[in-house]
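Structure, as structure tokens:
Positions are given from 1 along the sequence.
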Amino acid sequence: ALLAGSCGAPGPGPALLDVECPGEPVPTLLEVTCGRLALDDVTLFVAVLHAADPTGAPVLFLHGGPGGRAVADRHIWLAPRSPLLEHHDLVLVDQRGSGLSTPSLDCEELDAPSPDVFDAYRACRSRLTDLGVDLSRYTVSDVAADLVLLRNALGLDRWSLYGVSFGTRVPLELLRTAGSSVVFAVLHSPFPPHLDASDSLPPRAVPAVAAASARLTSPAPSAPARA
């Protein structure tokens with residue numbers, strides 16, 4: 001079982017199917033298990049990094065994006081080992097449309113040279129809709145609902161949440177809809193729900209950050225010679 005020894009029996013709903021973890025094994029003394037959770041319209045890819053001494057509540061990590069990934073990047077937590085893994089199992093999930101979960105909303109059309117990026121996006125949308133993908137089902141609310149089913153499949157009554165960037169919107173939704181199951185939530189670089197994810201940065205923001213980065217990475221000036 002994905003969380004054997006640190007949780008109860010799986011609850012009602014879809015069951016997790018144990019599968020081999022993708023990619024090269026990450027050197028670690030900890031147990032790492034992977035699984036797939038088949039839902040009505042998507043299949044989620046999940047990994048659990050088992051703590052050395054799991055005395056605390058499991059922690060669910062929520063990647064940013066939208067369109068990021070977590071399972072393939074599990075090495076970030078394992079080498080070097082995150083202090084979190086001393087007492088907390090860590091649950092990694094590729095949210096619907098992302099990473100190794102299927103169907104993938106990755107737009108391969110953007111990888112090919114195109115005179116117009118918007119044409120590439122339109123081609124991507126057409127391909128996905130032709131495949132029968134309902135693009136209206138890829139909202140924060142849908143992701144949160146998936147994770148309630150995942151928690152039941154893991155046999156967990158409660159867990160903690162750690163969201164990053166756009167991924168912080170999911171803990172906020174879970175606190176609203178399933179708050180009794182949350183021990184605590186950490187919002188790293190939060191993306192407030194009232195902000196439009198497609199908003200552009202102010203015109204001078206990117207050059208300003210680039211200039212500051214260049215100054216920080218440039219060699220320090222030599223000290224003047226003393227007479």
Side-chain angles (χ1 to χ4, degrees), residues 1-23 25-26 30-51 54 57-74 76-78 85 88-106 128 131-164 166-167 169-171 173-175 177-183 185:
L2 236 59
L3 276 176
S6 60
C7 66
L16 272 166
L17 173 66
D18 289 351
V19 298
E20 185 175 347
C21 290
V26 182
L30 300 180
E31 181 185 8
V32 178
T33 51
C34 293
R36 287 188 179 275
L37 182 66
L39 305 178
D40 289 340
D41 56 342
V42 298
T43 298
L44 303 182
F45 208 106
V46 183
V48 178
L49 315 184
H50 298 264
V59 175
L60 170 67
F61 173 70
L62 294 154
H63 63 72
R69 64 183 191 179
V71 175
D73 290 339
R74 60 192 182 278
I76 295 173
W77 303 93
L78 294 169
L85 289 168
H88 301 271
D89 289 337
L90 182 62
V91 181
L92 307 177
V93 57
D94 290 339
Q95 300 161 30
R96 60 167 54 212
S98 304
L100 297 168
S101 294
T102 55
S104 171
L105 298 192
D106 185 35
L128 292 172
L131 291 172
V133 177
D134 182 357
L135 297 177
S136 70
R137 294 295 311 278
Y138 290 82
T139 67
V140 171
S141 297
D142 291 312
V143 172
D146 292 345
L147 298 176
V148 171
L149 295 173
L150 172 60
R151 178 173 54 78
N152 289 336
L154 290 170
L156 298 174
D157 293 325
R158 304 181 75 203
W159 56 7
S160 297
L161 310 174
Y162 175 29
V164 174
F166 192 86
R169 292 189 171 187
V170 182
E173 180 67 11
L174 285 170
L175 286 169
T177 59
S180 62
S181 66
V182 178
V183 179

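- Summarising the geometry of Pro22 relative to Leu100, their closest heavy-atom pair is CG-CD1, 3.3 Å, with the distance given to 0.1 Å.
- Tested against Ser101 for a side chain to side chain contact (heavy atoms under 4.5 Å, CB included), the candidates Val71, Asp94, Asp146 yield a single pass: Asp94.
- In terms of modelled atom types and a separation under 3.5 Å, the side chain of His50 and the main chain of Asp89 share no donor-acceptor contact.
- For the atom pair Leu49 CG and Ile76 CD1, the distance stands at 11.0 Å (nearest 0.5 Å).
- With sequence neighbours left out, the salt bridge (charged side-chain N to carboxylate O under 4.0 Å, His left out) criterion links Arg36 to no other residue.
- Counting only heavy atoms from C-beta outward, the side chains of Cys34 and Val46 never approach each other to under 4.5 Å.
- Between Leu175 and Ala185 the shortest heavy-atom distance is CD1-CB, 4.1 Å.
- Listed by chain and residue number, Arg69 satisfy the side chain to side chain donor-acceptor pair (under 3.5 Å) test with Asp73 (two or more places apart in sequence, or in another chain).
- With hydrogens and angles disregarded, a donor-acceptor distance shorter than 3.5 Å links the side chain of Arg96 to the backbone of Arg137.
- Listed here is the closest heavy atom pair of Ser160 and Val183: OG-CB, 3.3 Å.
- Using a 4.5 Å heavy-atom cutoff, the side chains of Leu156 and Pro58 are in contact.
- With sequence neighbours excluded, no residue forms a salt bridge (charged side-chain N to carboxylate O under 4.0 Å, His left out) with Arg74.
- Of all the heavy atoms in Arg151 and Asp157, the pair that sits closest is NH1-O, 3.3 Å.
- Atoms CG and CG, on Leu149 and Leu154 in that order, are 11.0 Å from each other to the nearest 0.5 Å.
- Put simply, CG on Leu60 and OH on Tyr162 are 12.5 Å apart, with the number rounded to the nearest 0.5 Å.
- Closest non-hydrogen pair, Leu16 versus Ala153, comes out as CG-CB, 4.1 Å.
- Shown here for Leu39 and Pro14, the closest heavy-atom pair between the two residues is CD2-CG, 3.6 Å.
- Phe166 places a side-chain heavy atom less than 4.5 Å from the side chain of Val140.
- The distance from atom CG of Leu92 to atom CG of Leu62, rounded to the nearest 0.5 Å, is 10.0 Å.
- Under the 4.5 Å side-chain criterion, counting only non-hydrogen atoms from C-beta, Leu161 is not in contact with Val170.
- In this structure, Val148 and Leu174 have side chains that are in contact, with non-hydrogen atoms separated by less than 4.5 Å.
- A 4.5 Å side-chain heavy-atom check between Val133 and Leu105 finds at least one atom pair inside the cut-off.
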